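See structure below.
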Amino acid sequence: MSDLNQEIKRRRTFAIVSHPDAGKTTLTEKLLLFGGAIHVAGAVKSNKIKKTATSDWMEIEKQRGISVATSVMAFDYSDHKINILDTPGHQDFAEDTFRTLTAVDSVIIVIDTAKGVEAQTRKLMEVCRMRKTPVIVFINKMDRDGKDPFDLLDEIEEELKINVRPLSWPIDMGQRFKGVYNIFEEKLDLYTPSKQLVTESIAFKDIYNPELENHIGAPLAKKLREDIELIEGVYPEFDVNTYLQGDIAPVFFGSALNNFGVKELLDCFIQIAPSPRPVQAMERVVVPEEENFTGFIFKIHANMDPNHRSCIAFVKICSGRFERNANYKHVRYNKMMRFSSPTAFMAQKKETVDEAFAGDIIGLPDTGNFKIGDTLTAGEELHFKGLPSFSPEMFKYIENADPMKAKQLNKGIEQLMDEGVAQLFTNQFNGRKIIGTVGQLQFEVIQYRLLHEYGAQCKWDPISLYKACWIESDNAAMLENFKKRKSQYMALDKEGRDVYLADSSYVLTMAQQDFPDIKFHFTSEF
Ligand code: G4P
């Protein structure tokens, strides 16, 4: 079916990620402007959560509520269907972001020119590297003084452990910022600070053309030529396949706020970024063009209204065409289900759709049937592999504070864990439940939701742990011995896998030395 193929080929599903404040929201908004999806700047509600708001997490949840609408932003641009997947800005919800990365085919990383590579960027890039996701880097805020661009590129290579290749190059920066030389399109893009809409672009194939002096002056022309010579000498020629394999990241410079360099980024993006890619399922590789529908749940968004305990399960379509009211198999339940009101997200609107294609994201209203990682198919027994869980950073015992509501508490914990709010470990020694999170906020979210959605009360008891390690070994005797020796620190994760909860980095190092045949993994899939 050629029209299925065409639909798939024109799709570009990606996420923009950054450390908070680097400019992700601003860039997203400018991309939407180009796509005609919005018409005025400021129309995109930032779902950014200010660091200062950490004590007021209800406010955060409200903002997360808003972010349902902006979870996926789809628009058409130049014959392409663009799906931008939004990710939460706050680092306490980093796991959400990691999971969203399982549903994209490529990523744009935004870096603040003055701040360079920051903590969150590092971690996000780790996930991209693991999945070999193609990455484009946008260095933002060139209208401000920042780091030397060559130093920045070195920093990115070193800190993000990826080779880079500039496809545009800045001409000065800050107040003296003149624009960029667009290496990819061989154009000179001139910057006017007051101009909010489009870049003045001049075709400029030969940077040795003396015309260059007329545009940017002799000293900057000289510097630009030297810089470009250096780039051509030091960095390999740009090769799309190397980018698609996730081995090299093209780099663009610009200023999202001033809408500078954004269209150029988008134009290059639609040319080089991948259309939906094949996805590895447990049983086989699934190719997007296959006629039969397959997809998986990568995110579940709970409704914060206690009177409507319904969620939206977000499905990434991996192959074929999804049709409304068709029968699809919920593989974990081994049950056929029909979906009468799947939603798609065009720009800012959520609307019911009759069909969607590989690469698209649809929302399915859900009342607790789905958990993250669930697979839907046209009938095939297939399991997509989810993103591994990372070792949490914080741990607490969860205890029942209302003996009459033990059942509700257990149900609530189970469902919240299925949604991926946090991770549950059960201590094998004393049977106590331990919740592991990325940040303090998640504990508050869990406590509040247990009370308001399940009528259960929990309290937290402190536990001092350093890391959760999934362990395995070919040496069965050593594994048994280890588990015996560490019995107080052995737990099971939700899937029943053995997890060693190390209480300090020292103890962990000692354990690694004493039990050389045991592998200690900091993610749940290895
Ligand atoms: P985030 O989603 O990555 O957290 O960042 P966001 O886009 O919200 O941008 C963070 C701040 O950086 C915002 O300022 C935004 O206006 C500013 N910014 C984004 N791009 C550029 C740029 O190219 N140049 C300059 N100079 N600033 C930029 P704010 O004051 O925190 O918010 P607002 O009150 O302006 O919205």
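Just follow the structure's listing: the first ligand is 1, and inside any ligand the first atom is 1. Values in this document were obtained by computation on a predicted structure and should not be read as measured data.
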> Which atoms of ligand 1 sit under 4.0 Å from any heavy atom of P20?
Replying inline: 4 (O)

> Does K141 pair with D112 as a salt bridge, N-O distance under 4.0 Å?
Replying inline: yes

> ligand 1 and R144, any nitrogen or oxygen pair closer than 3.5 angstrom?
Replying inline: yes

>> If I compare all heavy atoms of E232 with all of R165, which pair ends up nearest, and what's the gap?
In response: OE1-NH2, 3.1 Å

> Does A256 reach ligand 1 with a nitrogen or oxygen that is under 3.5 Å from one of the ligand's nitrogen or oxygen atoms?
Replying inline: yes

> Taking only heavy atoms of D21, which atoms of ligand 1 are found under 4.0 Å from at least one of them?
Replying inline: 1 (P), 3 (O), 4 (O), 5 (O), 10 (C), 12 (O)

> Relative to the heavy atoms of L257, which atoms of ligand 1 are at a distance of less than 4.0 Å?
Replying inline: 16 (O), 20 (N), 21 (C), 22 (C), 23 (O), 24 (N), 25 (C), 27 (N), 28 (C)

> Relative to the heavy atoms of S255, which atoms of ligand 1 are at a distance of less than 4.0 Å?
Replying inline: 22 (C), 23 (O), 24 (N)

>> Side chain, backbone, both or neither: which applies to V110 and ligand 1 if a contact is any heavy-atom pair less than 4.0 Å apart?
In response: neither

> Can the positive tip of K316 be found less than 6.0 Å from the middle of the six-membered ring of F384, inside 45° of the ring normal?
Replying inline: no

>> Using a 4.0 Å cut-off to any heavy atom of S18, which atoms of ligand 1 qualify?
In response: 3 (O)

>> Considering K141, H19, Q120 one by one, which has a heavy atom nearer to atom 12 (O) of ligand 1 than any of the others?
In response: K141

>> Before you tell me yes or no, could you show the steps for E419 and C311 under side chain to side chain contact (heavy atoms under 4.5 Å, CB included), namely the whole-Å CA-CA distance, both residues' side-chain angles and the distance that decides it to 0.1 Å?
In response: CA-CA 10 Å; E419 256 182 51; C311 308; 4.1 Å; yes

>> R11 and salt bridge (charged side-chain N to carboxylate O under 4.0 Å, His left out): which single residue from D79, D360, D105 fits?
In response: D360

> In ligand 1, which numbered atoms sit nearer than 4.0 Å to a non-hydrogen atom of K24?
Replying inline: 1 (P), 2 (O), 3 (O), 5 (O), 7 (O)

>> Between R225 and D206 (salt bridge meaning N to carboxylate O under 4.0 Å), is one present in this structure?
In response: no

> Side chains of N182 and S168: donor-acceptor distance under 3.5 Å anywhere?
Replying inline: no

